[in-house]
Student: 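Sending over a structure as structure tokens; questions will come in a sec.
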There are 2 protein chains.
Amino acid sequence: MSQQELKKAGLKATVPRLKILKILEAKQGKHMRAEDVYKCLLASDEDIGLATVYRVLTQFEQAGLVVRHHFDGGHSVFELDQGEHHDHMLCVKCGRVDEFVDDIIEERQKAIAEQGGYKITDHSLHIYGVCPACQKNAA
Amino acid sequence: MSQQELKKAGLKATVPRLKILKILEAKQGKHMRAEDVYKCLLASDEDIGLATVYRVLTQFEQAGLVVRHHFDGGHSVFELDQGEHHDHMLCVKCGRVDEFVDDIIEERQKAIAEQGGYKITDHSLHIYGVCPACQKNAA
DNA sequence: CCACTAATGCAAAAGCTTCTCATTTCTATA
DNA sequence: TATAGAAATGAGAAGCTTTTGCATTAGTGG
């Protein structure tokens, strides 16, 4: 019951928050922009403002329920936090996004942060390139 | 002579481009937002529009003269391309930015891209954390 | 030196995100 | 269960960075 999740996170169990959480669950694994979430709400005949979507997503982020990724172009995407950190590989042609995890890189990052005296809070690694499909199309 | 550099890059040697290039050279090693460059121009009594700054920086980027980094918060910073790729470690408290290079990570990225069938064009790694100074302040 | 094309400045617009504030909705409490 | 107070919401305005349209100006090759 998601109502519990919200309360546990210190958030009131309001209608908008429940709906948005449900959408994120439904789209698990996808990267949703605030606008995308908003469109889903409209499609479900929910009367929830875009401003609220932004507010709720930010709260979810702070509560640790979702992760926000800052992609190039100045927009953010959100997805449910599945516990495991992952990085992204993006196609510059079609916008496709692949996820990956690499223990060696994770480890090196920790080492580098430590070396610089930083207490690491987060990190993001984006690889930009041309995906297999787009390479074929170009050829 | 920077006039040569511009021509070699296929760009007309115009006043705004020369001025902006000079500023970037003066601020070498720093990360400049378009706005920062613009302020420098104003401070030098140059009558160059912000729109031109953006245009020129983008051209410089395409010409390979400068590198653009997309930092969190939806804004870009620019710096002269010094030939060597480097990644960034940012303090979430004070905004300090440190640069680093790690061959192991570079290598792993290439391997991961290859594995996914991607033809890599670029990549960015940002480590967010609290810098030594800010840790001290907090304590 | 001149004509042609490219570049510039300004202001307006665009895109994403945040803020304001009056109104509504939760929730703890009686 | 009713209710007061705090927190959340919706709608639109505003904020910021970045881009664009267009008339004007400035390089450049010949």
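Numbered from 1 within each chain, the chains take letters A, B, ... in sequence-line order. What's counted below: heavy atoms across the whole structure, side chains too, no hydrogens, waters or symmetry copies.
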Student: Within this structure, what is the CD-CZ distance for the pair A:E5 and A:F60, rounded to the nearest 0.5 Å?
Tutor: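 One finds 9.0 Å between CD of A:E5 and CZ of A:F60.
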Student: Specify the separation, in whole Å, of atom NE2 of B:H69 and atom P of D:dT17.
Tutor: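 Taking atom P of D:dT17 as the reference, NE2 of B:H69 is at 19 Å.
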Student: Ignoring backbone atoms, establish whether B:K7 has a side-chain N or O less than 4.0 Å from OP1 or OP2 of D:dG27.
Tutor: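 The answer is no; no side-chain N or O of B:K7 sits under 4.0 Å from OP1 or OP2.
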Student: Can you tell me the distance, in whole Å, between the NZ atom of B:K12 and the P atom of C:dT5?
Tutor: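 Atom-to-atom, B:K12 to C:dT5, this comes out as 11 Å.
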Student: Could you tell me how far apart A:Q4 (CD) and C:dC26 (C1') are, to the nearest whole angstrom?
Tutor: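 In whole Å, C:dC26 C1' lies 15 Å from A:Q4 CD.
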Student: What is the separation between atom NZ on B:K19 and atom P on D:dG27, rounded to the nearest whole Å?
Tutor: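 B:K19 atom NZ is separated from D:dG27 atom P by 12 Å.
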Student: In this structure, how many angstroms lie between the C1' atom of D:dT20 and the CD atom of B:Q59, rounded?
Tutor: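 Roughly 14 Å, once rounded to whole Å.
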Student: Under 4.0 Å: is that the gap between some side-chain N or O of A:T14 and OP1 or OP2 of D:dA7?
Tutor: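 Looking at the OP1 and OP2 atoms of D:dA7, neither is under 4.0 Å from any side-chain N or O of A:T14.
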Student: Any chance you could list the contact pattern along nucleotides 9-20 of chain C? Use B for base contacts, S for sugar-phosphate-only contacts and - for none, protein heavy atoms under 4.0 Å, 5' to 3'.
Tutor: BBB----SBBBB
Student: Find out whether A:T58 and A:R68 are in side-chain contact, i.e. whether some heavy atom of one side chain is under 4.5 Å from a heavy atom of the other.
Tutor: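 SC-SC contact between A:T58 and A:R68 confirmed.
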Student: Under the side-chain hydrogen bond (donor to acceptor under 3.5 Å, both in side chains) criterion, do B:H75 and B:E35 qualify, and how do the steps go?
Tutor: CA-CA 10 Å; B:H75 61 277; B:E35 183 91 28; over 6 Å; no
Student: Can you tell which of A:H69, A:Q28, A:K27 makes a side-chain hydrogen bond (donor to acceptor under 3.5 Å, both in side chains) with A:E79?
Tutor: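 Of the listed residues A:H69, A:Q28, A:K27, the side-chain hydrogen bond (donor to acceptor under 3.5 Å, both in side chains) partner of A:E79 is A:H69.
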Student: Out of A:H70, A:H86, A:H85, which residue meets the ring pair (Phe, Tyr, Trp, His ring centres under 6.0 Å) rule with A:H123?
Tutor: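 Single ring pair (Phe, Tyr, Trp, His ring centres under 6.0 Å) partner of A:H123 among A:H70, A:H86, A:H85: A:H85.
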Student: In whole Å, I'd like the distance from the CZ atom of B:R17 to the P atom of C:dA6.
Tutor: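 Atom-to-atom, B:R17 to C:dA6, this comes out as 11 Å.
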Student: Is the A:H88-A:H31 ring centre distance short of 6.0 angstrom?
Tutor: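 Judged by ring-centre distance (under 6.0 Å), A:H88 and A:H31 do meet the cut-off.
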Student: Could you state the atom-to-atom distance from CG of B:L6 to P of D:dA26 in whole Å?
Tutor: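 The answer, rounded to whole Å, is 18 Å.
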Student: Please report the distance, rounded to the nearest Å, between CG in A:L11 and C1' in D:dA6.
Tutor: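 Between C1' of D:dA6 and CG of A:L11: 15 Å.
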